[in-house]
Amino acid sequence: MGFVSRGFRGKRRGEASSTRLPPGQYLVTDWPVLSAGPTPRVALDDWTFSIEGEIDEPRKWTWKEFNALPSEDVTKDIHCVTKWSKFDVEFKGVSLDTLLDGVDTAAEHATQISYGGYTTNLPLDDLMGNKAWIVYEANGEPLAPEHGGPARMVVPHLYFWKSAKWIRTLRLDKDDIPGFWETNGYHNYGDPWREQRYWGD
Ligand SMILES: Nc1nc2c(c(=O)[nH]1)N[C@H]1C(S)=C(S)[C@@H](COP(=O)(O)O)O[C@H]1N2
Ligand SMILES: [Mo]
């Protein structure tokens with residue numbers, strides 16, 4: 001039976017990796033840093049995260065308040081538009097379902113706004129339904145400043161530029177307002193499984 005299981009296992013391994021790695025991506029084991037500017041340093045005493053825009057009552061948390069929210073541990077694959085993917089990053093943070101729970105809004109879009117000014121837009125639906133987290137730990141350590149610490153968005157089903165590092169505000173928008181990369185040639189939605197890298201993809 002050795003010849004059967006050997007061939008079968010080999011094939012299954014190949015199929016598993018090709019369905020887990022989006023088209024055009026290659027796997028890395030390190031964690032590259034991609035930042036369009038310098039790393040902003042935010043003292044935890046000064047840090048806040050807020051939800052603003054098309055919302056009756058804006059919400060705002062201090063670092064202490066944010067850390068007291070119910071958190072989740074999630075293990076996710078991440079995919080950068082520059083073609084590296086990394087499997088099984090262990091994040092800890094607060095689900096956007098928790099942060100948006102009970103919010104009354106006419107908005108269908110959202111913009112993530114970072115300390116430092118980076119912005120990225122996405123449909124509000126893509127932040128809900130167990131699809132997005134604001135995380136403050138990765139792989140058992142506090143999130144490193146270069147990876148977006150104290151806290152960053154993680155929206156793993158979209159290319160990783162849709163996950164703002166050093167997030168400060170989530171703005172709920174009626175209109176779709178392209179963010180930093182979206183006005184500079186990157187696709188407005190950014191689905192790695194459909195290779196939506198650039199305008200026109
Ligand atoms: N504030 C901010 N967030 C950002 C970026 C950035 O330049 N500034 N780069 C984006 C891009 S292109 C990617 S691939 C990921 C990189 O995250 P990492 O440096 O932790 O790998 O962050 C995204 N979020
Ligand atoms: Mo990226």
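Along the sequence shown, residues are numbered consecutively beginning with 1. Counting starts at 1 for both ligands and their atoms, in listed order. Predicted model only: the values in this text are computed from it and were never measured.
Y26 has its ring centre no less than 6.0 Å from the ring centre of W84.
Here the shortest heavy-atom pairing between E52 and I55 reads C-CG2, 3.6 Å.
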Inset, instruction - Evaluate ring pair (Phe, Tyr, Trp, His ring centres under 6.0 Å) for Y186 paired with W199, printing each intermediate quantity in order. - result: CA-CA 6 Å; Y186 282 23; W199 293 350; 9.5 Å; no

Inset, instruction - Go through W166 and Y118 one step at a time and tell me if the ring pair (Phe, Tyr, Trp, His ring centres under 6.0 Å) criterion holds. - result: CA-CA 9 Å; W166 316 294; Y118 182 89; 8.2 Å; no

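Salt-bridge annotation for D126 and K131: absent, with no side-chain N of the basic residue lying under 4.0 Å from a carboxylate O of the acidic one. Checked for salt-bridge contact, D88 and R20 meet the test: a charged N lies under 4.0 Å from a carboxylate O.
Considering only non-hydrogen protein atoms, atom 19 (O) of ligand 1 sits nearest to K165 NZ, 2.6 Å. Ranking the protein heavy atoms by distance from atom 11 (C) of ligand 1 puts W161 CA, 3.6 Å first. Ranking protein heavy atoms by distance to atom 18 (P) of ligand 1, first place goes to H147 ND1, 3.5 Å. For atom 14 (S) of ligand 1, the closest non-hydrogen atom of the protein is C80 SG, 3.3 Å. Taking atom 13 (C) of ligand 1 as the reference point, the nearest protein heavy-atom neighbour is F160 O, 3.7 Å. In this structure, the protein non-hydrogen atom closest to atom 16 (C) of ligand 1 is L34 O, 3.6 Å. With hydrogens left out, the protein atom closest to atom 24 (N) of ligand 1 is S163 O, 2.9 Å, a heavy atom. For atom 7 (O) of ligand 1, the closest non-hydrogen atom of the protein is A36 N, 2.6 Å.
Each of T120, N188, T111 was checked for a side-chain hydrogen bond (donor to acceptor under 3.5 Å, both in side chains) with E182, and the lone residue meeting it is T120.
Annotation for ligand 1: atoms under 4.0 Å from non-hydrogen atoms of P32 are 18 (P), 19 (O), 21 (O). Which parts of ligand 1 touch A164 is read off a 4.0 Å heavy-atom cut-off, strictly below it: atoms 3 (N), 24 (N). Proximity to W166 (heavy-atom distance under 4.0 Å) selects the following atoms of ligand 1: 1 (N), 2 (C), 8 (N). Atoms of ligand 1 lying under 4.0 Å from any heavy atom of S114, numbered from 1 in the order shown and given with element: 1 (N).
Heavy atoms of R152 come nearer than 4.0 angstrom to ligand 1 in at least one pair. Distances shorter than 4.0 angstrom do not occur between any heavy atom of G116 and any atom of ligand 1. Using a 4.0 Å cutoff on heavy atoms, Y186 does not count as a contact of ligand 1. Under the 4.0 angstrom criterion for non-hydrogen atoms, G148 is not in contact with ligand 1.
Applying the 6.0 Å contact sphere to CD of E72 captures more than 12 heavy atoms from other residues, nucleotides or ligands.
Proximity of L172 to H109: side-chain heavy atoms (C-beta onward) are nowhere separated by under 4.5 Å. Using a 4.5 Å heavy-atom threshold, the side chains of W31 and I78 count as touching.
Without hydrogens or angle criteria, D97 side chain to M128 main chain gives no donor-acceptor distance under 3.5 Å.
Here atom 8 (N) of ligand 1 lies nearest to Y118 when heavy atoms of Y118, W84, Y159 are compared.
At under 3.5 Å, not a single nitrogen or oxygen of S35, backbone or side chain, sits near a nitrogen or oxygen of ligand 1.
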